[in-house]
Amino acid sequence: LSKNADIAMYRIKRSSHNNFCFFTPEMQSHSARRLQLSNALYFGLTRGEFLLHYQPQISLQDGHMVGVEALIRWQHPEFGAVAPSEFIPIAEDSGQILAIGEWVLRTAVTQMKAWLDAGMKPMVMSVNLSTVQFRHPDLLALVMQTLQMAGLPAQYLELELTEAMAMDNPTAAIALMNQLHEQGVRLSIDDFGTGYSSLSYLKKFKVSKLKIDQSFVRDIGDDKDDRAIVTAVINLASSLGMQTIAEGVETPGQLAFLRLQGCDEAQGYYFSKPLPVDQLEAFAKTMTAV
Ligand code: C2E
Ligand code: CA
Ligand code: CA
Ligand code: CA
């Protein structure tokens, strides 16, 4: 929240002409870093500074890996590793997220095709979408073109949206979701429960999965409200014909509760952190060996 407040302040700052109010040295350096990162992002793609890590998603029915989520990593020669939570909002503000998002989609889809060709057990590749991408009129064409160029059937791709993205303009979102769904692309709602979505819309969204936010999963052990929310989301999803995946699962206790409530899948450090390609391949081998 404080980061968002900073960004909001920065926006105010940029759009105002007088320099005197609310501009502390801290904010000065904060906006200086934003500017530096924004410039650095520009070269990041051409210099190959980005890569994807893949986090396993595990079926709670049989313990198999049924998917991975692609998560971007940025290793800058000078700034070191920059967290996506820091640079994605900057890239969204500058519009650079479109080029970065295209790279993410192409890389993830190409990787999944390579894994299938190499004989890896079929699974779903989940890719995070930015609001900016979701609002862009060419998204559908881009997704279909990328799949076609990689030779990957659409059912292996899942796009992660947020409630805010869907609720910003529900009519347009529903139309786009319908088109993606018709093409066979899966959709999920990320960070479910933290946003603001109306149940009457939710049933119109062509979404196959709700991702239960890690903030609810974290306190399953000692917060009965969070337990109630998680149970309610699982039941809601089930009655809407959707699946559920719990994010940020770290302990056997959390896992036991989720399994008991009928959650379909889980993802988190308990199973594995997000892994580079070679380590994900090694992980997949240990899974099939068991
Ligand atoms: P997200 O989509 O909600 O991703 C889940 C985040 O939780 C990831 O952080 C992941 O590394 C972390 N995580 C996974 N398991 C655990 C766990 O057991 N415990 C804890 N504490 N954390 C766990 P990451 O990779 O730093 O990504 C942060 C956010 O940045 C993502 O949140 C997503 O909103 C955004 N992001 C990452 N990659 C992309 C991308 O390629 N495109 C877009 N548009 N956004 C991305
Ligand atoms: Ca996600
Ligand atoms: Ca999430
Ligand atoms: Ca998130």
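Quick note: numbers below take in every heavy atom, side chains included, and nothing from hydrogens, waters or symmetry partners. We count ligands from 1, going down the list as the structure has it; atoms in each ligand are counted the same way. Predicted, not measured: the structure shown is a model, and the values here were computed from it.
- E265 and K209 are joined by a salt bridge, as a carboxylate oxygen and a charged side-chain nitrogen come within less than 4.0 angstrom of each other.
- Using a 4.0 Å cut-off to heavy atoms of G268, the atoms of ligand 1 that qualify are 15 (N), 18 (O).
- There is a side-chain donor-acceptor pair under 3.5 Å between E163 and S197.
- Rounding to the nearest 0.5 Å gives a distance of 9.5 Å between OG1 of T162 and CG of D168.
- Atom-to-atom distance recorded for T146:OG1 and E102:CD is 6.5 Å, nearest 0.5 angstrom.
- Near D191, with a cut-off below 4.0 Å to any heavy atom, the atoms of ligand 1 are 3 (O).
- The distance criterion of under 3.5 Å between nitrogen or oxygen atoms is not met by E160 with respect to ligand 1.
- Ring geometry, F50 versus W103: the interplanar angle falls from 30° to 60°, so the pair is classed tilted.
- Side-chain contact, D62 with S59: a donor N or O sits under 3.5 Å from an acceptor N or O.
- Aromatic rings of W115 and Y156 (six-membered ring for Trp) have centroids beyond the 6.0 Å cut-off, not under it.
- Heavy atoms of R218 stay at 4.0 angstrom or farther from ligand 1.
- Counting heavy atoms under 4.0 Å from ligand 1, residue I88 touches it through the side chain alone.
- Contact analysis puts G248 in contact with ligand 1, with a non-hydrogen atom separation below 4.0 angstrom.
- Here's the thing with Q214: one of its N/O atoms is less than 3.5 angstrom from an N/O atom of ligand 1.
- Residue contact annotation: D213 places no N/O/S atom under 3.0 Å from the Ca ion (ligand 3).
- Between OD1 of D190 and OD1 of D191, the angle at the Ca ion (ligand 3) works out to 90°, rounded to 10 degrees.
- Counting heavy atoms closer than 4.0 Å to ligand 1, residue D190 contributes side-chain atoms (C-beta onward) but none from N, CA, C or O.
- Using a 4.0 Å cut-off between a side-chain N of Lys or Arg and a carboxylate O of Asp or Glu, R218 and E250 do not qualify as a salt bridge.
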Residues 74-82, side-chain donor-acceptor partners within the protein, below 3.5 Å, at least two apart:
residue: W74; atom: NE1; partner: E49; partner atom: OE1; Å: 3.0
residue: H76; atom: ND1; partner: E78; partner atom: N; Å: 3.0
residue: H76; atom: ND1; partner: F79; partner atom: N; Å: 3.0

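- Under 4.0 angstrom from ligand 1, there are no non-hydrogen atoms of I100.
- When distances from the Ca ion (ligand 2) to the N, O or S atoms of E69 are compared, OE2 comes out shortest.
- Within the structure, ligand 1 lacks A83 among the residues with a heavy atom less than 4.0 angstrom away.
- The closest approach of E160 to the Ca ion (ligand 2), by N/O/S atoms, is made by OE1.
- Taking the charged nitrogens against the carboxylate oxygens, R227 and D219 have no contact shorter than 4.0 Å, which rules out a salt bridge.
- At a 3.5 angstrom cut-off on N or O pairs, I72 counts as close to ligand 1.
- Only the side chain of V104 comes within contact range of ligand 1, with a heavy atom under 4.0 Å; no backbone atom does.
- Among all heavy-atom pairs drawn from A266 and F271, the shortest one is CB-CE1, 3.7 Å.
- If you look at E69 next to ligand 1, the close heavy atoms, those under 4.0 Å, all belong to the side chain.
- Nearest-heavy-atom check against atom 17 (C) of ligand 1 across Y269, F271, F134, Y270 picks out Y269.
- If you number the atoms of ligand 1 from 1 as listed, the ones under 4.0 Å from a heavy atom of Q55 come out as 14 (C), 15 (N).
- Taking backbone and side chain together, S126 holds no N, O or S atom under 3.0 Å from the Ca ion (ligand 2).
- Contact annotation: for H53 versus ligand 1, there are no heavy atoms closer than 4.0 Å.
- Considering only heavy atoms from C-beta on, I189 comes within 4.5 Å of L202 through its side chain.
- Between the side chains of E69 and N128, a donor-acceptor pair is found at a separation under 3.5 Å.
- Of all the listed residues (N128, T194, V132), N128 holds the heavy atom that lies closest to atom 46 (C) of ligand 1.
- For Q267, the closest heavy-atom approach to ligand 1 does not fall below 4.0 Å.
- Contact check on K206 versus E182 returns no salt bridge, with no Lys/Arg side-chain nitrogen under 4.0 Å from an Asp/Glu carboxylate oxygen.
- Of all the heavy atoms of E247, the ones lying under 4.0 Å from any atom of ligand 1 belong exclusively to the side chain.
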